[in-house]
Amino acid sequence: MLFNEYITSGSFPFIAETQIDEQKAKEYVRSLYDTIIVRDVVDRLHVSDVSTLLNITKFLLHNIGSKVSHKKIADTLTSSGNKVDQKTVSKYIKGLTDSLTLYAAPRYNVKGRQLLSTNCKYYAVDLGLRNALVKTSDSDIGHILENVVYLELLRRGYDVYVGDIENGEIDFVAIKPDDTQYFQVSATTLEESTLKRELAPFAAVRDNTPKSCSLLTRSSEPPITTA
């Protein structure tokens with residue numbers, strides 16, 4: 001299935017054109033990371049500790065779709081024996097986002113319609129890159145689907161944010177000058193409790209902009225859209 005190939009091997013042109021197998025695709029993408037991405041970040045930021053850069057990259061790739069702070073990253077790496085401070089984490093993350101290895105999705109207060117400066121989410125530029133650098137599991141599929149949707153919304157020209165609401169969030173708020181869309185993403189909503197949980201955040205959408213609230217899922221059921 002092409003979709004499964006996309007989320008495992010990625011969509012770099014060489015991989016798509018040659019249709020190499022998953023293991024060779026991993027080796028190719030890892031070589032891109034080692035020879036192009038790392039070199040770009042290292043040269044521009046004068047990075048002396050490449051292993052820490054790799055650990056920060058792996059942390060963010062492993063935690064796509066999760067809100068993280070620079071402090072949490074620094075604390076987690078330090079506790080695992082790789083001592084690093086918040087300033088270094090911030091510097092390296094900026095290098096990774098500037099090089100378009102990762103994208104940052106800031107939080108957006110839906111009620112106040114304003115950006116929030118802390119605890120954004122990060123998404124990979126290519127899921128093959130993530131698969132080459134970190135171990136994945138079936139439990140990751142929800143965040144992997146978020147990553148797919150995030151990249152597609154960017155491709156369609158939206159500015160994409162994480163919707164912050166009271167006691168929860170909307171996965172994505174996608175904004176153009178004349179269009180605002182709200183999206184929830186879930187691997188499955190076949191259980192009624194899951195469906196209700198995924199739809200509940202839309203009740204917080206009360207602004208007067210043209211809007212459409214959509215639930216995107218891989219479940220074998222009709223798509224759900226609420227206006």
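Position 1 is the first residue of the sequence; numbering continues from there.
- Using a 4.5 Å heavy-atom cutoff, the side chains of L216 and L145 are not in contact.
- Between D179 and R156 no salt bridge is recorded (no basic side-chain N to carboxylate O distance below 4.0 Å).
- Residue Y28 holds its OH atom at 8.5 Å from OG1 of T18, rounded to the nearest 0.5 Å.
- Rounding to the nearest 0.5 Å places OH of Y92 at 12.0 Å from NZ of K87.
- Taking OG of S99 as the start and NZ of K94 as the end, the distance is 10.5 Å to the nearest 0.5 Å.
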Exercise. Between T8 and L127, is a side chain to side chain contact (heavy atoms under 4.5 Å, CB included) present by the stated rule, with each step listed?
Worked result: CA-CA 6 Å; T8 54; L127 286 165; over 6 Å; no

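- The shortest side-chain heavy-atom distance between I20 and F14 falls under the 4.5 Å cut-off.
- Taking the side chain as every heavy atom from C-beta outward, N131 and S9 never approach each other to under 4.5 Å.
- Contact check on E27 versus R30 returns no salt bridge, with no Lys/Arg side-chain nitrogen under 4.0 Å from an Asp/Glu carboxylate oxygen.
- The 12-atom threshold is not exceeded at NZ of K24, counting heavy atoms of other residues, nucleotides or ligands nearer than 6.0 Å.
- Interatomic distance, CG of N109 versus CD of E169, reported as 12.5 Å (0.5 Å rounding).
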Problem set entry | side chain to side chain contact (heavy atoms under 4.5 Å, CB included) assessment of V185 paired with Y150 | CA-CA 10 Å; V185 183; Y150 177 83; over 6 Å; no

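- Using a 4.5 Å heavy-atom threshold, the side chains of F59 and T76 count as touching.
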For this session: Dump the intermediate steps for side-chain hydrogen bond (donor to acceptor under 3.5 Å, both in side chains) on D49 and T52, then the final yes or no.
Result: CA-CA 6 Å; D49 189 352; T52 294; 2.5 Å; yes

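- Looking at heavy atoms from C-beta onward, Y158 lies in side-chain contact with Q181 at the 4.5 angstrom threshold.
- In this structure a side-chain-to-backbone donor-acceptor pair under 3.5 Å is missing from S186 to T189.
- The backbone N or O of L45 sits less than 3.5 Å from a side-chain atom of K91, completing a donor-acceptor pair.
- Across I141 and A187, no two heavy atoms sit closer than the pair CG2-CB, 3.8 Å.
- Between L102 and V125, every side-chain heavy-atom pair lies at or beyond the 4.5 Å cut-off.
- Summarising the geometry of A74 relative to D85, their closest heavy-atom pair is CB-C, 4.0 Å, with the distance given to 0.1 Å.
- Between V162 and D171 there is no side-chain heavy-atom pair separated by less than 4.5 Å.
- Annotation for V47 and V41: closest pair CG2-O, 4.0 Å, computed over non-hydrogen atoms.
- D34 and S31 share no donor-acceptor pair across their side chains, judged by distance under 3.5 Å alone.
- Of the N and O atoms on the side chains of Y33 and T101, not one donor lies less than 3.5 Å from an acceptor on the other residue.
- Contact check on R130 versus D126 returns no salt bridge, with no Lys/Arg side-chain nitrogen under 4.0 Å from an Asp/Glu carboxylate oxygen.
- Contact of the H143 side chain with the S66 side chain is registered, since non-hydrogen atoms from C-beta on lie closer than 4.5 Å.
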Problem set entry | Criterion side chain to side chain contact (heavy atoms under 4.5 Å, CB included) on D21 and K26, from CA distance to verdict | CA-CA 9 Å; D21 61 38; K26 280 186 177 183; over 6 Å; no

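- Note on L116: it does not cluster hydrophobically with V205, by side-chain heavy-atom contacts below 4.5 Å among ILVMFWY residues.
- The structure places CD1 of I144 at 11.0 Å from OH of Y6, a figure rounded to the nearest 0.5 Å.
- A salt bridge is absent between E191 and R197; no separation between the charged side-chain nitrogens and carboxylate oxygens falls under 4.0 Å.
- Between Y123 and F172, the ring center distance clears the sub-6.0 Å criterion.
- Shown here is R44, whose CZ atom has more than 12 heavy atoms of other residues, nucleotides or ligands within 6.0 Å.
- Both F12 and F3 are members of a single hydrophobic cluster when ILVMFWY side chains are connected at heavy-atom separations under 4.5 Å.
- With rounding to the nearest 0.5 angstrom, the CG atom of L153 is 9.5 Å from the NZ atom of K176.
- Under the 3.5 Å distance criterion, the side-chain polar atoms of T78 are matched with a main-chain donor or acceptor of V84.
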Problem set entry | Working for side chain to side chain contact (heavy atoms under 4.5 Å, CB included), residues N119 and R107 | CA-CA 7 Å; N119 296 351; R107 291 189 301 136; 4.1 Å; yes

